[in-house]
Amino acid sequence: MSSRAARSPDRPDPADLPPTYDFRAAEERWTRHWLESDTFRADPESGREPYCIVIPPPNVTGSLHMGHALDNTIQDVLIRWRRMQGYETLWLPGTDHAGIATQYVVEKRLAEEGLNRQELGRERFLERVWAWKDEYEATILGQLKRLGASCDWSRTAFTLDEPRSRAVREVFVHLYRRGLIYRGEYIVNWCPRCRTTLADLEVEHEEHDGKLYTVRYPVEGGGSISVATTRPETMLGDTGVAVHPDDPRYRDQVGRTALLPVLGRRLPIVADPWVDREFGTGAVKVTPAHDPDDFELGRRHGLGLVKAIDEDARMTAEAGPYAGLDRHACREALVRQLQAEGHLEKVEPHRHAVGHCYRCETVVEPLVSRQWFVKTRPLAEPAMAAVRDGRTRIVPERFEKVYFHWLENIRDWPVSRQLWWGHRIPAWTCQAGHLTVDTEAPAACAECGSGDLVQDPDVLDTWFSSALWPFSTLGWPERTRDLEVFYPTSVLVTGYDILFFWVARMMFMGLEFMREVPFRTVFLHGLIRDAEGRKMSKSRGNAMDPLEIIEAVGADTLRWSLITGNTPGNDMRYSSEKIEGARNFANKIWNAARFTLQNLADFEPSGPGEAAAGEARPDGLELADRWILSRYRRAAGEVTRLLDRFELGEAARVLYDFVWSELCDWYIELAKARLYGDGPAARRVAQQTLWQVMEGTMRLLHPFMPFLSEDVWQRLPRRRGDRETLALAPWPAPDAALADAEAESRMELVMAVTRALRNLRSEVNLPPTRRAYAVLRATSPEALAVLDGARDYVARLAAAGRLDLSAARPGQGPPPQALAAVVPGCEIYLPLAGLVDLDREIARLEKDLAAAATTLARARQRLGDPMFRSRAPEEVVRREEQKAAEAEELVQRLKARLAGLRD
RNA sequence: GGGCGAAUAGCUCAGCGGAAGAGCGCGCGCCUUACAAGCGCGAGGUCCCAGGUUCGAACCCUGGUUCGCCCA
């Protein structure tokens with residue numbers, strides 16, 4: 001009992017081993033244990049090197065989807081790994097208020113009750129949204145816990161809670177005072193359904209089949225000019241016509257005045273190099289109030305602004321006879337009139353991009369309005385510099401290009417939203433129209449002292465507050481210890497789809513307010529798609545619910561299925577086969593653990609696990625022990641190296657191969673002889689090795705499958721000083737003492753011989769229950785020695801009842817009536833009187849011979865090339881020589897065998 | 001109009017300068033006392049095309065083709 005100190009009260013009985021892994025019990029048990037013992041709470045005073053991840057806060061619009069499951073699994077793998085490595089880890093959780101989206105879903109729910117927010121009023125509407133937020137925040141945090149997320153829940157944040165709101169006000173005021181926030185009349189994207197402004201990013205462009213209308217405008221003093229447009233209704237807001245200055249077709253028209261059909265408005269004809277001569281007629285109508293490019297062009301030429309479409313997407317009084325009509329109805333009616341009056345020259349089919357609101361998919365209307373903007377250029381420069389000089393690294397690197405391109409072409413960021421759910425803009429206006437911007441409601445106007453102040457009714461873009469997330473969550477604007485220790489955070493893990501929305505803007509704000517990047521590394525992953533490669537979405541009905549998967553197969557299986565086969569930055573198709581594969585792997589591990597535990601009941605570790613480094617290797621290790629320890633060490637090194645490079649999928653693959661193809665397929669099989677018989681000393685050595693490898697493997701597995709690995713690990717025999725939870729156990733360190741190239745190459749021979757024998761058996765469908773007689777003839781003294789020490793291995797794994805091993809002698813004939821195979825180092829015979837089909841045997845050997853001959857020919861050709869010998873690295877030449885020698889041996893022996901058979 | 005990604009076994013994908021890989025599927029044989037969610041064996045590939053660089057190319061370069069995505 002003494003050596004089993006530190007036994008957790010939650011530690012399951014090692015002997016209680018149901019035949020299949022009970023993930024429900026394990027998940028419940030370890031979630032509770034970790035929470036109760038505060039395993040994941042970060043301590044800024046520990047003095048350990050910090051490693052911090054701030055969660056990309058999920059929206060409180062709904063529950064988590066597969067993309068979240070992936071995002072958070074990746075974060076958890078990284079944070080658990082670093083925690084085991086001894087870093088002071090902080091994974092800070094939280095949620096996002098998602099202004100427009102949340103307001104939209106709550107409004108939808110109200111509509112179901114026959115209500116709308118206007119009737120309810122701002123205050124009562126917000127109460128409803130807060131209630132919604134409480135409900136979904138709880139759901140989301142619960143889902144994260146179910147996933148196994150090892151967050152420090154004591155620090156949970158919300159973008160709209162008081163500390164974060166204070167940060168928002170501070171930032172707004174600071175930027176305003178620095179002149180980086182301004183208010184002005186500019187063209188913005190307007191969603192008529194949400195009745196709010198949208199940033200360019202929030203508009204999704206979609207190709208539509210539309211029409212290109214060519215309309216003839218009369219010109220004062222005679223003649224006409226024809227313009228092409230995809231949106232004829234906007235002509236009611238035209239204030240000019242533009243042509244290219246070098247376009248000879250229109251040189252004479254520049255400076256004259258066109259007359260707008262229907263309204264007769266006078267439109268100056270201007271020349272501007274922006275105009276594309278190739279498009280349409282080469283002349284364009286200019287509608288500054290309803291097109292961003294026209295807006296700029298209109299400014300350059302002093303053209304007026306005529307707002308023909310209002311915030312409800314209806315035509316304004318400026319539209320004359322069309323006032324009050326919906327924009328779509330107006331188009332139809334107007335086109336009819338133009339045609340009737342002979343102004344419509346032609347209509348052609350035309351594909352063009354139409355902007356849609358990213359939340360409600362309504363067609364966006366560009367229009368001029370008064371909004372708050374963030375001046376982005378001064379913020380973008382430092383954000384680019386930080387990536388350029390490596391203070392922040394983007395993984396995979398190719399996204400740096402995308403990042404730079406966007407920042408180089410960035411436009412000012414409209415941050416006011418005509419919503420109720422969000423951070424109210426800290427700006428007040430007095431009756432005289434003076435503006436006061438402050439972090440708290442001012443008592444009097446800063447300019448005239450009036451106490452009659454009205455706060456701006458608008459709220460800020462959600463991304464404005466998300467941009468502060470890496471430091472607002474750590475306590476800013478207070479100068480907290482958390483900020484000091486954990487900022488800059490270590491890594492940001494998120495999908496590449498919000499590189500601009502979020503990542504770039506966090507860079508702006510972090511650099512402006514902390515004078516330091518918000519994260520050292522940005523790790524971008526791809527999107528989860530369905531089995532057919534389509535994006536998963538609720539509306540499409542192909543979404544999978546991570547919680548349902550957890551209920552069905554367990555969180556570890558879900559996690560593994562998301563991590564394996566996933567490469568950085570690439571989308572991933574997700575299917576039930578992936579889940580099945582992961583579940584099978586979990587089951588495989590459970591059964592390997594069951595086997596181990598069943599054979600370790602009387603074992604107490606005393607030898608060196610890696611946890612106690614520096615101890616000597618125990619005596620009595622056999623080849624198989626040395627081999628598996630060496631392979632384990634290699635796997636541990638590889639997994640570590642790959643995690644370090646964010647290659648989580650590859651790391652998982654290495655683990656999978658090690659566990660399944662080496663530990664289970666070979667080592668466990670080879671250990672059975674000693675565990676089941678052989679005497680106490682040998683048994684003890686096998687137990688020691690098995691324990692050591694399993695214990696270490698559970699540690700390697702833990703970041704990926706925290707519940708299963710913990711559940712197994714807790715059942716394993718343990719030593720004094722072991723941690724109470726695997727989550728805090730040390731990560732396997734590279735242990736040079738375990739490396740054993742000799743054991744690896746010897747086992748390779750043993751495995752090759754075994755496989756060859758199995759192959760021969762399979763050729764004649766010899767079932768494993770029929771023990772066979774096998775003859776091995778080693779072709780070198782080294783091989784003979786190796787095989788002599790491993791004859792039990794071969795006999796066991798190839799189901800040989802009797803096994804004769806000798807040195808191959810020249811001129812020696814083969815055993816009679818035998819199937820034959822050759823591997824480098826050994827001839828293999830399976831004497832099977834009556835079962836040998838001579839023709840088939842010859843065919844098989846000929847095939848082997850052909851393969852070996854091809855290898856030999858290729859190797860010889862390369863070795864015969866003097867350029868190869870002089871230019872290729874020595875190591876490569878040596879390997880090629882070895883290859884040639886082995887192939888030659890195979891060729892000779894196969895030829896000899898065939899000659900014998902043909903006689 | 002720019003930019004990015006993908007193209008490798010029937011399917012989904014790794015590999016990204018030194019002998020073509022995995023999972024699933026397929027075929028044959030096995031209830032071999034950890035595991036049939038399993039075990040053994042096997043079949044299956046002009047690594048999209050054309051050039052180039054290199055002693056050596058699935059991998060690097062150039063130019064295409066086909067799909068997907070992002071930005072304007």
Side-chain angles (χ1 to χ4, degrees), chain A residues 17 19-21 200-201 204-205 276 278 292-293 353 396 398-399 401-402 404-406 408-409 411 496-497 499-500 526-527 529 531-535 553 557 564-567 569-599 647 649-650 652-654 656-657 660-661 664-665 668-669 672 675-676 754-771 796-799 851 854-855 858-859 861-873 875-877 879-880 882-884 886-887:
Chain A
L17 295 167
T20 48
Y21 167 51
D200 293 340
L201 274 178
E204 283 176 352
H205 295 274
D276 178 4
E278 310 299 318
D293 293 319
R398 68 184 134 92
F399 286 102
K401 210 166 170 179
V402 185
F404 287 131
H405 181 258
W406 187 71
E408 277 158 14
N409 298 290
R411 302 209 294 185
Y496 62 72
D497 53 328
L499 179 60
F500 312 137
L527 277 29
R529 299 175 174 280
E532 275 73 51
R534 295 167 308 187
K535 219 166 151 173
V553 294
T557 293
T564 49
N566 202 334
T567 40
N570 290 341
D571 290 355
M572 176 191 196
R573 290 191 196 209
Y574 197 78
S575 61
S576 54
E577 286 81 55
K578 286 219 163 69
I579 301 176
E580 223 168 281
R583 184 200 54 175
N584 293 352
F585 182 53
N587 189 244
K588 187 74 180 176
I589 292 163
W590 177 253
N591 277 291
R594 227 155 63 91
F595 171 84
T596 302
L597 291 163
Q598 284 162 358
N599 288 287
E647 306 260 10
E650 274 293 282
R653 189 189 56 76
V654 168
Y656 182 98
D657 288 346
W660 203 309
S661 311
C664 292
D665 285 353
I668 284 181
E669 293 308 320
K672 280 178 181 173
L675 293 170
Y676 291 165
T754 304
R755 285 199 194 98
L757 270 170
R758 286 170 170 174
N759 180 323
L760 295 182
R761 299 181 59 108
S762 189
E763 285 293 328
V764 289
N765 283 343
L766 201 64
T769 39
R770 272 197 55 190
R771 304 276 130 178
R796 179 171 193 90
L797 295 186
T854 306
T855 306
R858 260 212 304 248
Q861 194 191 349
R862 294 179 97 185
L863 289 165
D865 181 351
M867 292 302 270
F868 175 72
R869 285 194 175 275
S870 63
R871 300 215 177 169
E875 155 78 16
V876 174
V877 176
R879 259 211 312 272
E880 203 66 22
Q882 194 194 335
K883 188 190 347 175
E886 283 176 358

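Just so it is clear: chains get the letters A, B, ... in the order the sequence lines come, proteins before strands, and each one is counted from 1.
- Rounded to the nearest Å, the gap between the C1' atom of B:C39 and that of B:U32 is 8 Å.
- With no hydrogens or angles considered, a side-chain donor-acceptor pair links A:Tyr496 and A:Asp571 at under 3.5 Å.
- A:Asn570 and A:Thr567 are linked by a side-chain donor-acceptor pair at a separation below 3.5 angstrom, with hydrogens and angles left out of the test.
- Side-chain N/O atoms of A:Tyr676 include one lying less than 4.0 angstrom from OP1 or OP2 on B:A34.
- For A:Val876, taking side-chain heavy atoms from C-beta onward, the closest of the listed nucleotides B:A37, B:A34, B:G18 is B:G18.
- As rounded to the nearest Å, B:G44 and B:G38 have P atoms that lie 25 Å from one another.
- For the P atom pair drawn from B:A6 and B:U62, the interatomic distance equals 15 Å after rounding to whole Å.
- Within a 6.0 Å sphere centred on CD of A:Glu875, heavy atoms belonging to other residues, nucleotides or ligands number more than 12.
- Distance noted for atom C1' between B:C13 and B:G45: 15 Å (whole Å).
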Nucleotide pairing, RNA chain B (Watson-Crick or G-U, distances under 3.5 Å), in dot-bracket with [ ] and |: ((((((((.[[[[.)..(..]]]].(((((.......))))).....[[[[[..)....]]]]]))))))).
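- B:C49 and B:G10 have their C1' atoms separated by 23 Å, with the value rounded to a whole Å.
- To the nearest angstrom, C1' of B:G68 lies 7 Å from CZ of A:Arg529.
- Taking atom CD of A:Glu577 as the reference point, atom P of B:A37 lies 16 Å away to the nearest angstrom.
- In this structure, A:Asn591 does not reach the B:G38 phosphate: none of its side-chain N or O atoms is under 4.0 Å from OP1 or OP2.
- As a whole-Å value, the separation of A:Tyr656 OH from B:G15 P is 18 Å.
- B:C60 and B:C67 have their C1' atoms separated by 24 Å, given to the nearest Å.
- Atoms CG (A:Leu597) and C1' (B:C35) sit 14 Å apart, rounded to a whole Å.
- Note: CZ (A:Arg653) to C1' (B:G23) measures 11 Å, nearest angstrom.
- Across B:C24 and B:A37, the matching P atoms stand 13 Å from one another, rounded to whole Å.
- As a whole-Å value, the separation of A:Asp657 CG from B:C13 C1' is 14 Å.
- If you check distances only, the side chain of A:Lys401 never reaches the base of B:C4 with a donor-acceptor pair under 3.5 Å.
- Comparing the same atom, C1', in B:A20 and in B:A9 gives a spacing of 10 Å after rounding to whole Å.
- For B:A34, its base sits under 3.5 Å from the side chain of A:Glu669 at one donor and acceptor pair at least.
- Closest-nucleotide positions on RNA chain B for A:Trp406 and A:Asp665 were compared, and the one nearer the 5' end corresponds to A:Asp665.
- The aromatic rings of A:Trp406 and A:Phe500 lie parallel to each other, with less than 30° between the two planes, well short of the 60° mark.
- Relative ring orientation between A:Phe595 and A:Tyr676 is described as perpendicular, the plane-to-plane angle rising above 60° on a 0-90° scale split at 30° and 60°.
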